[in-house]
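Let me begin by presenting the structure, written as structure tokens, before commenting on it.
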Protein chains: 2
Amino acid sequence: MAAQRGEGDGVVTRPGVAGAEAPADVRERARAIPEAAVARLAVYLRVLSGMVEQGVTTISSEELAGAAGVNSAKLRKDLSYIGSYGTRGVGYDVEVLVGHIERILGLTRKHSVAVVGIGNLGHALANYGGFPSRGFPVGALFDVDPDLTGVPVGGIPVNHIDDITTVCAEREVSIGVIATPPQAAQAVCDRLVSAGVQCILNFAPVVLQVPDYVEVRKVDLAVEMQILSFHVARRADEAAGDVVNGIGVDGVVIRP
Amino acid sequence: MAAQRGEGDGVVTRPGVAGAEAPADVRERARAIPEAAVARLAVYLRVLSGMVEQGVTTISSEELAGAAGVNSAKLRKDLSYIGSYGTRGVGYDVEVLVGHIERILGLTRKHSVAVVGIGNLGHALANYGGFPSRGFPVGALFDVDPDLTGVPVGGIPVNHIDDITTVCAEREVSIGVIATPPQAAQAVCDRLVSAGVQCILNFAPVVLQVPDYVEVRKVDLAVEMQILSFHVARRADEAAGDVVNGIGVDGVVIRP
DNA sequence: TCAACTTTGTGCAAGCGTTCACAAGCGGTA
DNA sequence: TACCGCTTGTGAACGCTTGCACAAAGTTGA
């Protein structure tokens with residue numbers, strides 16, 4: 001379902017062909033893409049990759065929007081941020097679109113990933129096929145536990161956390177994934193940053209403090225659950241409120 | 001770091017004390033809380049729980065905002081959505097605030113969770129201590145693999161996926177977590193929905209189609225990585241653009 | 001070639017969410 | 001009691017995001 005890009009080495013910088021114009025324009029364009037749109041572009045890319053595998057060559061904004069679960073106008077606007085690659089009256093060429101989105105998302109180069117914290121989650125991440133298959137080869141694993149050092153997980157031997165700096169530099173790691181207990185997360189983060197990692201995906205339930213130039217995204221499972229819980233509660237609240245007045249969630253009076 | 005709530009049974013509805021007014025008001029208030037604010041409330045709650053454990057009794061919006069990584073004005077506005085529980089000139093009573101946020105997020109009742117798909121990620125989720133410790137006991141596990149049926153994972157025996165309906169009803173599951181391969185996700189989702197589950201946390205890289213009354217949150221690791229990748233690319237782009245003109249990310253000419 | 005039909009790309013307006021800035025309110029102190 | 005300093009709560013402005021609606025542009029078929 002995802003564009004297969006194979007596994008392998010880290011970052012490669014190819015010599016550039018000297019094209020004439022528009023790089024500043026492109027940089028402006030890239031800068032101008034709203035964060036929310038970037039997230040959706042990634043979703044469109046996944047859907048489109050599936051389409052490619054099914055042999056679909058052309059798709060309309062309506063169809064793609066349906067498959068991606070968004071409004072078609074929003075989709076067209078999102079795509080317009082990266083340029084006008086559709087054909088009126090026809091739709092978008094799937095492969096062309098895949099190519100453009102991949103380029104905008106920076107997927108034309110591979111991003112080597114380091115996972116820190118080889119517990120349950122770390123194991124799962126190290127073995128997660130979705131990373132390498134989408135251009136994010138797992139290049140290094142780290143843990144504090146010396147017993148784990150050298151043990152291969154998902155085909156890659158675990159390094160000791162003290163070696164983060166050298167190993168990350170060596171393997172050109174560009175993204176660090178923190179899957180440690182919360183107490184260790186900030187320290188690990190600091191080490192990653194001093195090792196030159198500028199993008200971090202944080203699974204630990206902590207707010208990380210980082211320099212401005214470092215990009216952090218967090219995935220907090222408990223927060224996700226609590227948001228769902230809120231919706232359950234709201235619903236229960238509505239239902240209960242229609243029947244018994246004066247009672248809030250859980251039968252407790254909200255504002256006496 | 002989180003408020004300990006212990007494990008145990010499912011949903012309990014206590015008889016209500018008949019308080020005078022304001023339930024409609026509260027429902028309106030709950031409805032009116034912006035989604036983004038709900039997510040932050042969960043973060044504040046985590047930080048506050050940590051404060052409780054450290055024996056902090058009072059905290060100002062400035063301090064809490066710092067710890068949660070947000071603007072203090074935003075924090076105050078977020079808190080104002082759930083009522084005015086601060087004291088001017090002093091700050092907020094930590095425990096009181098914890099109580100109010102927990103109530104708003106619906107954490108006064110426990111939410112039994114079912115994890116479907118006991119692969120690497122499913123294992124990690126089943127063993128994840130962050131769930132039960134924050135009021136989300138894992139009540140059931142499911143997988144298609146008959147060999148897994150009956151095998152305990154994280155202390156809970158795996159059920160066969162065909163039993164979703166009965167088991168979910170029996171154990172009053174209110175949240176379903178989908179950790180299956182993408183191909184199976186929609187079918188699993190449909191089963192959960194027909195089993196009465198109205199909140200779903202989806203780890204599979206698929207856009208799920210559900211009825212309006214079902215709440216879905218998705219965690220897509222590849223999308224997170226791609227968003228990070230976008231930022232790497234933008235940065236590389238900026239840097240490269242300053243040196244060599246006409247060359248985009250990766251040395252490829254962007255718009256010939 | 002022309003007309004009918006389809007679909008893109010986008011200007012514009014409405015809706016949300018964020019941030020600012022300050023009045024209102026509270027505790028402490030003389 | 002009256003004053004002072006501190007912090008909350010919120011009105012209002014701003015900016016981002018969404019959704020509508022339609023002109024522009026391309027295809028198809030006669």
Side-chain angles (χ1 to χ4, degrees), chain A residues 25 28-44 47-48 51 56-98 100-101 104 227 230 255, chain B residues 25 28-44 47-48 51 56-98 100-101 104 227 230 255:
Chain A
D25 174 57
E28 276 316 306
R29 188 189 292 282
R31 196 196 311 280
I33 302 180
E35 188 78 13
V38 173
R40 286 191 298 267
L41 282 172
V43 174
Y44 305 154
V47 174
L48 287 167
M51 297 289 175
V56 179
T57 57
T58 292
I59 193 169
S60 72
S61 63
E62 204 72 46
E63 290 173 280
L64 182 51
V70 301
N71 181 309
S72 72
K74 193 191 290 185
L75 177 128
R76 288 198 300 276
K77 182 143 288 186
D78 287 344
L79 292 183
S80 80
Y81 291 129
I82 66 173
S84 303
Y85 301 115
T87 306
R88 295 170 193 232
V90 179
Y92 300 89
D93 181 290
V94 177
E95 293 203 29
V96 169
L97 206 47
V98 165
H100 284 298
I101 296 179
I104 291 289
I227 294 171
F230 168 78
R255 283 154 77 75
Chain B
D25 175 56
E28 277 314 305
R29 188 188 290 283
R31 196 196 310 280
I33 302 178
E35 186 78 14
V38 173
R40 286 191 297 268
L41 283 171
V43 174
Y44 305 153
V47 174
L48 287 167
M51 297 288 174
V56 179
T57 57
T58 292
I59 194 168
S60 73
S61 63
E62 204 72 47
E63 291 173 280
L64 182 52
V70 302
N71 182 309
S72 72
K74 192 192 288 185
L75 178 129
R76 288 198 299 277
K77 180 138 288 187
D78 287 345
L79 293 183
S80 80
Y81 291 129
I82 65 171
S84 303
Y85 302 115
T87 307
R88 295 169 193 237
V90 179
Y92 299 89
D93 181 291
V94 177
E95 292 202 32
V96 169
L97 206 48
V98 165
H100 284 298
I101 297 179
I104 290 289
I227 294 170
F230 169 78
R255 285 155 76 75

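Lettering follows sequence order; numbering is per chain, from 1.
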**OP:** State, to 0.1 Å, how close B:Ala65 and B:Ser72 come at their nearest heavy-atom pair, and which atoms those are.
**Re:** CB-CA, 3.5 Å

Subject >> Shortest side-chain distance from B:Ala73, nucleotide among C:dA21, C:dA23, C:dT7 >> reply: C:dA21

**OP:** Let me see the working for B:Phe230 and A:Ile33 under side-chain contact (heavy atoms from CB on, under 4.5 Å), right down to the final yes or no.
**Re:** CA-CA 10 Å; B:Phe230 169 78; A:Ile33 302 180; 4.2 Å; yes

Subject >> Most 5' of A:Asn71 and B:Ile59 on DNA chain D, judged by nearest nucleotide >> reply: B:Ile59

**OP:** Can you sort out the partners of B:Tyr44 under side-chain hydrogen bond (donor to acceptor under 3.5 Å, both in side chains), two or more places apart, ordered by chain and number?
**Re:** B:Asp78

Original post:
How many Å lie between CG on A:Leu79 and C1' on C:dT10, as a whole number?
Top reply: 13 Å

**OP:** Using atom CG of A:Leu97 as one end and atom C1' of C:dG9 as the other, report the distance to the nearest whole Å.
**Re:** 14 Å

**OP:** Heavy atoms of chain B, cut-off under 4.0 Å: which first and last nucleotide of DNA chain D, 5' to 3', fall inside that, if you could look?
**Re:** D:dC6 to D:dA12

**OP:** Only one of A:Leu97, A:Val98, A:Val94, A:Thr58 passes side-chain contact (heavy atoms from CB on, under 4.5 Å) with A:Met51; say which it is.
**Re:** A:Val94

Original post:
Has A:Ser61 got a side-chain N or O lying under 4.0 Å from the OP1 or OP2 atom of C:dT7?
Top reply: no

**OP:** State, yes or no, whether a side-chain contact exists between B:His100 and B:Ile104 at a heavy-atom distance under 4.5 Å.
**Re:** no

**OP:** Report, as a single string ordered 5' to 3', how protein heavy atoms within less than 4.0 Å touch nucleotides 12-18 of chain C: B base, S sugar-phosphate only, - not at all.
**Re:** B----SS

Original post:
Considering only heavy atoms from C-beta outward, does the side chain of A:Val70 approach that of A:Leu64 to under 4.5 Å?
Top reply: no

Subject >> Shortest non-hydrogen contact between B:Ile59 and B:Glu63, atoms and distance >> reply: CG1-CB, 3.6 Å

**OP:** Provide the closest heavy-atom pair for A:Ala67 versus A:Val47 in the form atom of the first, atom of the second, distance.
**Re:** CB-CG1, 3.6 Å

Subject >> 5′-ward residue of the pair A:Val90/B:Gly91 relative to DNA chain D >> reply: B:Gly91

